[in-house]
Amino acid sequence: MSARPDKLLAADEPAPVSIYNAGGQSPFLLVGDHAGNLIPRALGRLGVAEAELQRHIAWDIGIAALGRLLADALDATFIRQNYSRLVIDCNRSLDVASSIPDIGERTLIPGNIDMSEANRAARATEIFWPYHNRIEAELDRRLRAGRAAALIPLHSFTPVFKDVARRWHIAVLYNRDPRFAQRLKALLDAERELVVGDNEPYTVNDATDFTVPAHAERCGLHHVLIEIRQDLIANQDGQQRWAARLARLLPLAYQQLLAAEI
Ligand SMILES: [Zn+2]
């Protein structure tokens, strides 16, 4: 335990944010809000069984590896958050109940029930804000340098949620600005045998999302949120296949988008 009750991460614990290929020249900034499943030692596993912390309720399975492969293929920067969404969900506003969830699918999270305000504040200060401040700093740096930027949040979804199977292989999600998402969807639809979700099984909205509204919609940045079904990227073969597909289609969709603006 930390000597200071209001301090969450000890000096020897991993940083909340990892930057991969920081010097990447691609306009795409890849981000992984749910890419890790670490739990700060001070939280004692949140009272959740170890097997549960390996499931989709704790993180987006496959996204850390997919993000690195896609970053390599595109020469893009990939910024990811390393702690579990059960500690604090980095794709939720701090003022919504699911920011620090007390349940994940059907699993209760005892460590998140009746928390102190100091505990809640420490998670925001030490995990949520360092991650989002790092994304904002990277986007600011590009803006100042006159470089184009497009935000690509990468997520994965469980193939079965509350006993309901999901048929989509991949989905594009958006809210106020569908332009990039619709172009990428059209290209994915043209691939053989893919079932592509259009704002399914989730949508982007202000209650369930933070990253797109805060970093992209607010300043009119091009963006598309991508969700891939977890069983397709659970191993290296699948991760490589999907990274190669997205490395081929994302630049095409982006070129179409820019051409339409001329
Ligand atoms: Zn996610």
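Just follow the structure's listing: the first ligand is 1, and inside any ligand the first atom is 1.
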Visitor: In Asp60, what N, O or S atom is nearest to the Zn ion (ligand 1), if we give its atom name?
Guide: OD2
Visitor: State whether the number of non-hydrogen atoms from other residues, nucleotides or ligands found under 6.0 Å of Gln236 atom CD is greater than 12.
Guide: no
Visitor: Going by distance alone, is a donor N or O of one side chain under 3.5 Å from an acceptor N or O of the other, for His169 and Glu191?
Guide: no
Visitor: Among all residues two or more places apart in sequence or in another chain, which pass the side-chain hydrogen bond (donor to acceptor under 3.5 Å, both in side chains) test with Ser84?
Guide: none
Visitor: If I consider every N, O or S atom in His155, which one ends up closest to the Zn ion (ligand 1)? I only need its name.
Guide: ND1
Visitor: What N/O/S atom of His34 gets nearest to the Zn ion (ligand 1)?
Guide: ND1
Visitor: Are the charged groups of Asp60 and Arg80 less than 4.0 angstrom apart, N to O?
Guide: no
